[in-house]
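All residue numbers in this chain count up from 1 along the given sequence.
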Amino acid sequence: MARQVRIHQVGGPEALQVEEVEVGLPGHGEVRIQQCAAGVNYVDVYHRTGLYPLPGLPAVLGVEGAGFVEAVGPGVADLSIGERVAWAGLPVGGYAEARLLPAERLISLPALVSERVAAAAMLRGITAHMLLRHVRPVTSGDVVLVHAAAGGLGLMLTQWARRLGATVIGTVGSPEKAELAKRHGLHHAILYRQVDFVKAVLDLTDGHGADVAYDGIGGDVLTRTLDCVRRFGMVVSVGQAAGSLPAIDISELGPRRSLALARPSVFSYASDPGTYRIAASELFREIEAGLHVEIGAEYALAEAADAHRALESGGTTGSVLLNF
């Protein structure tokens, strides 16, 4: 038996319930892993509330984790019992002490990357790889804008973009968050509660705007971010922490602005096994080379509801973990 956090209906954090279940033996091409930790992401909130529908209920939330191989099913030749592994993406099910996964979803961990760090970094790291390497490749000399720069994805993007030679501007909610982000590579912090972030970005770029902007907030932040990028720049929408996405008339993107708007899905990106493994491999190389994975809060499995409340409050920094 293993403990899992399930939801039987969509709703608030109280919908998260700890239950004991029989995990069972892995089938053909499957592996059973004993998890050490799982990341808590905003997409879990979307699943819990029904904003992003799940395939069915009851369901175990969670889209990234790390641990040890406990059993391998028939047809699995490249993983062995006791091996340290991590995973990210679909199928959901990370809030669990043990779970079954297709072997192709598991990535072996290098010696210098701990299970705890991997669980905190996998989804955000693959997202950062998608954004910086694929959606709009960032190169030396670019100016990038990162909203929520002290969050888990924000800190990852800030460090990785700077390592690629970009100048990084970030919005943050407090002086403490500004200091954290600056400590990990942010060039310019904008306290968006105190100043107009659009004006601040334009002032910092001599009126030109950023080459690319990443927004995980949605609402009017996304709409206003359209004015933060240069002509023929790009705005990338990667989330909706504000709860909604605005309806944007495509005519608003040009001719005055002449910009591109992207809405990429990390789950789609990670669904291709080759792309998934390349992204994870590059992420681990970045971590081994010094990329810092900030773990801002850690909770026991039974405290998953508290983890969701903390994430939704906007007060967290870095990644949030459930430890088993």
Side-chain angles (χ1 to χ4, degrees), residues 3-7 9-19 35-52 54 59-66 88 92-97 115-125 127 146-158 170-181 183-184 189 191-193 215-219 221 238-244 266 292-324:
R3 292 186 306 156
Q4 298 180 339
V5 175
R6 290 186 169 195
I7 61 168
Q9 59 184 15
V10 298
E14 66 280 357
L16 298 168
Q17 301 178 19
V18 179
E19 300 175 359
Q35 296 204 119
C36 299
V40 179
N41 295 275
Y42 230 98
V43 68
D44 305 341
V45 174
Y46 303 155
H47 284 152
R48 191 202 74 219
T49 61
L51 183 63
Y52 290 1
L54 291 161
V60 180
L61 301 186
V63 290
E64 66 179 343
V92 297
Y95 294 9
E97 292 174 327
E115 299 83 17
R116 179 170 165 270
V117 166
M122 279 290 287
L123 189 73
R124 295 166 180 85
T127 302
V146 178
H147 284 304
L153 177 59
L155 285 171
M156 188 82 69
L157 283 170
T158 293
T171 63
V172 293
S174 70
E176 294 77 18
K177 290 186 176 183
E179 179 58 33
L180 173 65
R183 207 159 55 236
H184 295 295
L191 295 168
Y192 69 88
R193 292 191 175 102
D215 170 52
I217 299 172
V221 171
V238 291
Q240 51 195 93
S244 63
V266 67
H292 173 72
V293 179
E294 179 76 11
I295 299 174
E298 299 182 65
Y299 296 85
L301 182 64
E303 299 172 321
D306 292 332
H308 275 228
R309 293 185 184 99
L311 192 63
E312 290 180 278
S313 75
T316 60
T317 57
S319 297
V320 178
L321 279 187
L322 296 180
N323 291 315
F324 312 139

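Between Tyr95 and His308, the two ring planes are perpendicular [angle over 60°; tilted spans 30° to 60°].
To the nearest 0.5 angstrom, Leu155 atom CG is 5.0 Å from Leu180 atom CG. Distance check, rounded to the nearest 0.5 Å: CG of Asp306 to OH of Tyr299 gives 6.5 Å. In this structure, OH on Tyr42 lies 10.0 Å from CD1 on Ile217, to the nearest 0.5 angstrom. One finds the OG1 atom of Thr158 at 13.0 Å from the CZ atom of Arg183 (value rounded to the nearest 0.5 Å). Between the NE2 atom of His147 and the CG atom of Leu157 there is a distance of 12.0 Å, given to the nearest 0.5 Å. Summarising the geometry, atom CG belonging to Leu321 is positioned 4.5 Å from atom CD1 belonging to Ile295; distances are rounded to the nearest 0.5 Å.
In this structure a side-chain-to-backbone donor-acceptor pair under 3.5 Å is present from Gln35 to Ala96. A donor-acceptor pair under 3.5 Å links the side-chain atoms of Thr171 to the main chain of Ala148, judged by distance alone. With hydrogens and angles ignored, the 3.5 Å screen pairs no side-chain donor or acceptor of Arg6 with any backbone N or O of Gln17. Checked by atom type and distance alone, the side chain of Glu179 never pairs as donor or acceptor with a backbone atom of Glu176 at under 3.5 Å.
Side chains of Thr317 and Lys177 form a contact here, defined as non-hydrogen atoms less than 4.5 Å apart. Put simply, the side chain of Val172 does not reach to within 4.5 Å of the side chain of Tyr192, judged on heavy atoms. Within the 4.5 Å cutoff, the side chain of Arg48 has heavy atoms near those of the Glu312 side chain. Here the side chains of Val238 and Leu153 are in contact, with some heavy-atom distance below 4.5 Å. Side-chain contact check for Thr316 versus Leu311: some heavy-atom pair is nearer than 4.5 Å. Val266 has its side chain within reach of Leu123: a pair of non-hydrogen atoms, C-beta onward, lies under 4.5 Å apart. Side-chain contact between Val5 and Leu301 is present, with heavy atoms from C-beta onward closer than 4.5 Å. Considering only heavy atoms from C-beta on, Leu51 comes within 4.5 Å of Gln240 through its side chain.
A pairwise comparison of heavy atoms in Met122 and Ala88 identifies CB-CB, 3.7 Å as the closest pair. Nearest heavy atoms, Ala149 versus Ala181: O-CB, 4.1 Å. The two atoms that bring Ala120 and Val293 nearest to each other are CB-CG1, 3.8 Å, heavy atoms only. Contact between Gly39 and Asp44 at its shortest, heavy atoms only, is O-OD2, 3.7 Å. For the residue pair Ala121 and Glu64, the shortest heavy atom distance occurs at C-OE1, 4.0 Å. Of all heavy-atom pairs between Ala37 and Asn323, the closest is CB-OD1, 3.6 Å.
Within 6.0 Å of atom CD in Gln9, 12 or fewer heavy atoms from other residues, nucleotides or ligands are found, so the atom counts as exposed in its surroundings.
With 3.5 Å as the limit, one finds a donor-acceptor pair spanning the side chains of Asn41 and Arg124.
For the side-chain contact (heavy atoms from CB on, under 4.5 Å) criterion with His47, the lone passing option out of Val60, Val92, Ile7 is Val92.
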